[in-house]
Amino acid sequence: MLMDCPQKRTQTPHSTLWQKVLRALRDKKWVFRTAPGIAREIDEDEALVSRVLREHQRELRVAPIRHPEKGTLYTSKERQRSLRDWVWEIRASIVAPFH
């Protein structure tokens, strides 16, 4: 008698997970990405994706403004800064001392 059991997702090795995250960050459809959005796209656990993003923060650009519901916004350092990025950074530096 065969039993129907849910498939257990195997854990992706760290280097492979980082490559998947980086590929998602380089996707031209998005300027900045959140950990939940990346996790959903690459079909990985959000906690793992968040950990990889924190561990590789030196290789990323973090937006100066957070998404109100989903938190930190990331992009690859390879992506050129747009005028909007500069405006966000200036705005964040002006507003930050008051929060």
Side-chain angles (χ1 to χ4, degrees):
M1 181 168 151
L2 294 174
M3 294 182 62
D4 204 16
C5 10
Q7 286 189 338
K8 190 175 184 181
R9 189 187 315 180
T10 58
Q11 191 167 351
T12 306
H14 181 84
S15 61
T16 304
L17 180 57
W18 168 238
Q19 291 304 315
K20 290 168 82 175
V21 167
L22 197 52
R23 197 169 21 254
L25 287 169
R26 290 175 176 156
D27 187 339
K28 299 284 185 206
K29 289 189 296 187
W30 311 102
V31 176
F32 285 96
R33 304 292 308 266
T34 61
I38 294 169
R40 207 171 26 257
E41 180 179 322
I42 65 174
D43 193 33
E44 290 290 344
D45 182 61
E46 184 182 331
L48 286 175
V49 170
S50 293
R51 189 181 82 212
V52 166
L53 287 166
R54 280 191 309 274
E55 290 172 0
H56 290 272
Q57 215 164 12
R58 288 187 174 150
E59 300 164 60
L60 304 171
R61 271 193 13 229
V62 178
I65 298 174
R66 297 169 52 89
H67 187 282
E69 297 164 7
K70 298 179 183 175
T72 307
L73 297 165
Y74 301 93
T75 193
S76 70
K77 273 196 173 174
E78 300 158 359
R79 191 179 298 269
Q80 279 193 322
R81 284 192 158 110
S82 68
L83 178 60
R84 182 170 62 177
D85 295 341
W86 290 108
V87 170
W88 278 12
E89 289 178 22
I90 292 167
R91 181 177 175 257
S93 66
I94 293 169
V95 173
F98 301 105
H99 280 101

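In this chain, numbering begins with 1 at the start of the sequence shown.
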Those residues that, when tested against [X], pass side-chain hydrogen bond (donor to acceptor under 3.5 Å, both in side chains) (two or more places apart):
X: Thr72; value: Arg66
X: Arg23; value: none
X: Thr75; value: Arg79

Exercise. Just grab all the ring-ring contact (aromatic ring centres under 6.0 Å, His included) pairs involving residues 40-66, residues at least two apart or on different chains.
Key: His14-His56, Trp18-His56
Practice problem: Apply side chain to side chain contact (heavy atoms under 4.5 Å, CB included) to Ala24 and list each qualifying residue two or more places apart in sequence or on a separate chain. | Solution: Arg33, Ile38, Glu41, Ile42
I'd like to check the salt bridge (Lys or Arg N to Asp or Glu O under 4.0 Å) partners of [X]; sequence neighbours left out, ordered by chain and number.
X: Arg54; value: none
X: Glu46; value: none
X: Glu55; value: Arg51

Quiz item: Closest approach of Leu25 and Ser76, non-hydrogen atoms and distance?
Solution: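 So the minimum-distance heavy-atom pair works out to CB-N, 4.2 Å.
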Quiz item: How far apart are the closest heavy atoms of Arg58 and Lys77, and which atoms are they?
Solution: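 Closest heavy-atom pair between Arg58 and Lys77: O-NZ, 2.7 Å.
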Self-check item: Step-by-step side chain to side chain contact (heavy atoms under 4.5 Å, CB included) determination, Leu73 to Val31
Solution: CA-CA 9 Å; Leu73 297 165; Val31 176; over 6 Å; no
Quiz item: With respect to Leu17, which candidate in Leu22, Val52, Asp45 satisfies the side chain to side chain contact (heavy atoms under 4.5 Å, CB included) definition?
Solution: Val52
Quiz item: Are Val62 and Trp30 joined in one hydrophobic group, where the rule is that I, L, V, M, F, W and Y side chains link up if heavy atoms are under 4.5 Å apart?
Solution: no
